[in-house]
2 protein chains.
Amino acid sequence: MTPLEVPAPTIARLALYLRCLRACRREGVRTISSAGIGARTGISSGQIRKDLSYFGEFGRPGIGYAVDALLEHLSAIMGLNRPHTVVLVGAGNLGRALLGYPGFEESGFRIAAVFDNDPAKIGRSTVGRKILDMATLAEANKEIGAEFGMIATPASAAQEVADALVEAGVRGILNFAPAHLTVPETVTARNVDLTREIEVLCYFVGP
Amino acid sequence: MTPLEVPAPTIARLALYLRCLRACRREGVRTISSAGIGARTGISSGQIRKDLSYFGEFGRPGIGYAVDALLEHLSAIMGLNRPHTVVLVGAGNLGRALLGYPGFEESGFRIAAVFDNDPAKIGRSTVGRKILDMATLAEANKEIGAEFGMIATPASAAQEVADALVEAGVRGILNFAPAHLTVPETVTARNVDLTREIEVLCYFVGP
DNA sequence: TAGATTGTTAATCGATTAACAATC
DNA sequence: TAGATTGTTAATCGATTAACAATC
């Protein structure tokens, strides 16, 4: 069900197909071909069929894919057929934006609590959620039971926060701080680095 | 100077090396080996040397790399040895976070103006910047001369905004909306999709 | 000098693409 | 049936790794 030999780029594209299929469902499209998904995502139809083939046979030759069914299959493969709970660390600008970002909830990720270590912030509320003391993270997560942690702190604090999240029992970390994290093998960390993205864009734009 | 045969993953790593070298400089480290960069970034020393070799010879056998000099070289390669101007479209939650994010300025990207099409927002200020009418984008950018545009709108508006940015003369677009953009070949678009990132993380965390 | 480390080559590994028989 | 489209195979392409002579 989770074959190890699936290429990582395939998984990243699966999330794209999901997005496309959700849009199809909203639009009332019932059936779509790999070429149709390709037109909407910019990925070649062959690549799409190859990606799906790692997980099974979901389509019908001559017809295409049933949108609802493929959506169900891909959701299950990605682990998105059930809700997930997230704790957020860092109640600054970026943290507040993540709290207010509707996309997470729509994909089934609920940010259950926000933590910070700034005494000026602890106890206050932001985007409708109370800011809790970072020092209480492990204790609080016994109650919350979050699987995921998001780091929206300065880079200098990121590793320390990651350690605390691991200690608190999260199994996945989405790190928005521009820092390389070291985590145990039992935990998966993934980085989103805004500065890096615009720098890479700058290279490709050229002089 | 900008060989076309450089792999895209190499460019993404170059941004990582830059981040590492900036940290070294802050710490007063004058010289670093590829193994040293590897320890700080999680990338193998061989990969690092290979990546650098696409652009020249920057190190000395037995010694390593001069931090300042390599920083200069990589900055020039990435086009980061001069300031860049950005216009932001979308003054919602995410847009405000991008405005307040210090990392862009530190890398030389200045967000010169914010645009929105919501009459309730136009004319007001956010994070110290006045929100301008989206309809005036092309006209305003004759003055501003921004090379880059950032899209922080709902997905439904993203393509339309991208078209307007292209019309206004930007050459690179960083798109935070979960939508696939179609842009002319002369323009480079890059996506940052927060929902996608946590979905991919979810897959790798497993059940 | 001896030890460290680079730049580069060749070998390996992995991902994408092209093409088509099978199927609806 | 004829046309469309899948799933899969083999071929191609590209990126990473291992290894080492050259060099400081």
Side-chain angles (χ1 to χ4, degrees), chain A residues 1-17 20-21 24 29-74 77 200 203-204, chain B residues 1-17 20-21 24 29-74 77 200 203-204:
Chain A
M1 259 298 158
T2 311
L4 283 182
E5 73 276 10
V6 179
T10 290
I11 302 304
R13 285 189 296 266
L14 249 43
L16 225 50
Y17 306 154
C20 168
L21 291 165
C24 287
V29 175
R30 309 293 287 273
T31 296
I32 192 165
S33 66
S34 57
I37 300 175
R40 286 163 172 261
T41 59
I43 294 167
S44 75
S45 61
Q47 178 83 80
I48 292 165
R49 294 197 302 279
K50 177 83 189 178
D51 285 341
L52 297 178
S53 75
Y54 287 106
F55 300 97
E57 305 188 1
F58 306 115
R60 287 173 59 183
I63 309 291
Y65 302 89
V67 169
D68 277 345
L70 187 54
L71 196 44
E72 285 302 311
H73 279 300
L74 294 190
I77 289 163
V200 171
Y203 174 88
F204 286 110
Chain B
M1 262 299 159
T2 310
L4 283 184
E5 72 277 9
V6 178
T10 290
I11 302 303
R13 285 190 296 265
L14 248 44
L16 225 51
Y17 306 154
C20 169
L21 292 165
C24 286
V29 174
R30 311 293 286 275
T31 296
I32 192 166
S33 65
S34 57
I37 299 175
R40 287 163 172 261
T41 60
I43 294 167
S44 76
S45 60
Q47 178 83 79
I48 292 165
R49 294 196 302 278
K50 178 84 187 176
D51 285 341
L52 297 178
S53 75
Y54 287 105
F55 300 97
E57 305 188 359
F58 307 115
R60 287 172 59 183
I63 309 291
Y65 302 88
V67 169
D68 276 345
L70 187 54
L71 196 44
E72 285 304 311
H73 279 298
L74 294 189
I77 290 163
V200 171
Y203 173 87
F204 285 111

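Computed from heavy atoms alone, side chains included, the values below leave out hydrogens, waters and symmetry copies. Throughout, protein chains are lettered first and strands after them, A, B, ... in sequence-line order, and every chain is numbered starting at 1.
When heavy atoms are screened at a 4.0 angstrom cut-off, B/R49 is found touching base atoms of the nucleic acid. Counting any heavy atom pair closer than 4.0 Å across all strands shown, A/S34 reaches sugar-phosphate atoms only and no base atom.
Judged by closest nucleotide on DNA chain C, B/G62 is the one of B/G62 and A/S44 placed further toward the 5' end. The residue among B/P61 and B/A8 whose nearest nucleotide of DNA chain D lies closer to the 5′ end is B/A8.
A straight line from CD1 of A/I48 to P of C/dT16 spans 12 Å, rounded to a whole angstrom. As rounded to whole Å, 10 Å separates atom P of C/dT23 from atom CD of A/E57. In this structure, the CD1 atom of A/I11 is 11 Å from the P atom of C/dA15, given to the nearest Å. Atom pair B/I37:CD1 and C/dA4:P shows a separation of 19 Å (rounding to whole Å applied). In this structure, B/D51 places its CG atom 14 Å from C1' of D/dG14, rounding to the nearest Å. Between A/F58 atom CZ and D/dT5 atom C1' the separation is 17 Å, expressed in whole Å. Atom CD in A/E5 sits about 13 Å away from atom P in D/dT8, given to the nearest Å. Rounded to whole angstrom, the span from the NZ atom of A/K50 across to the C1' atom of C/dT17 amounts to 10 Å.
The nucleotide D/dC24 finds its pairing partner in C/dG3, both defining distances of the Watson-Crick or G-U wobble pair being shorter than 3.5 Å. Checking C/dA18 for Watson-Crick or G-U wobble geometry (two distances, each under 3.5 Å) identifies D/dT9 as its partner.
Using cut-offs of 30° and 60° on the angle between ring planes, the pair B/Y203 and A/F55 is perpendicular.
Between B/R13 and the phosphate of D/dA15, there is no side-chain N or O to OP1/OP2 separation shorter than 4.0 Å. At least one side-chain nitrogen or oxygen of A/Y65 sits closer than 4.0 Å to the OP1 or OP2 atom of D/dG7. An OP1 or OP2 oxygen of D/dT17 is reached within less than 4.0 angstrom by a side-chain nitrogen or oxygen of B/Q47.
Side-chain proximity of B/P7 to D/dT6, D/dA15, C/dT16: nearest is D/dA15. Comparing C/dT8, C/dT5, D/dT5 by their closest approach to the side chain of B/S53 singles out C/dT8.
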Task: Stepwise side-chain contact (heavy atoms from CB on, under 4.5 Å) check, B/Y54 with B/I77 - done: CA-CA 11 Å; B/Y54 287 105; B/I77 290 163; over 6 Å; no

Task: Test log, rule side-chain contact (heavy atoms from CB on, under 4.5 Å), inputs B/L74 and B/L52 - done: CA-CA 9 Å; B/L74 294 189; B/L52 297 178; 3.9 Å; yes

- [ ] Start with the C-alpha gap between B/F204 and A/I11, add the side-chain angles, then the distance that decides, and say whether side-chain contact (heavy atoms from CB on, under 4.5 Å) holds.
- [x] CA-CA 9 Å; B/F204 285 111; A/I11 302 304; 4.1 Å; yes

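Looking at B/V29, B/V67, B/I37 one by one, the single match for side chain to side chain contact (heavy atoms under 4.5 Å, CB included) with B/C20 turns out to be B/I37.
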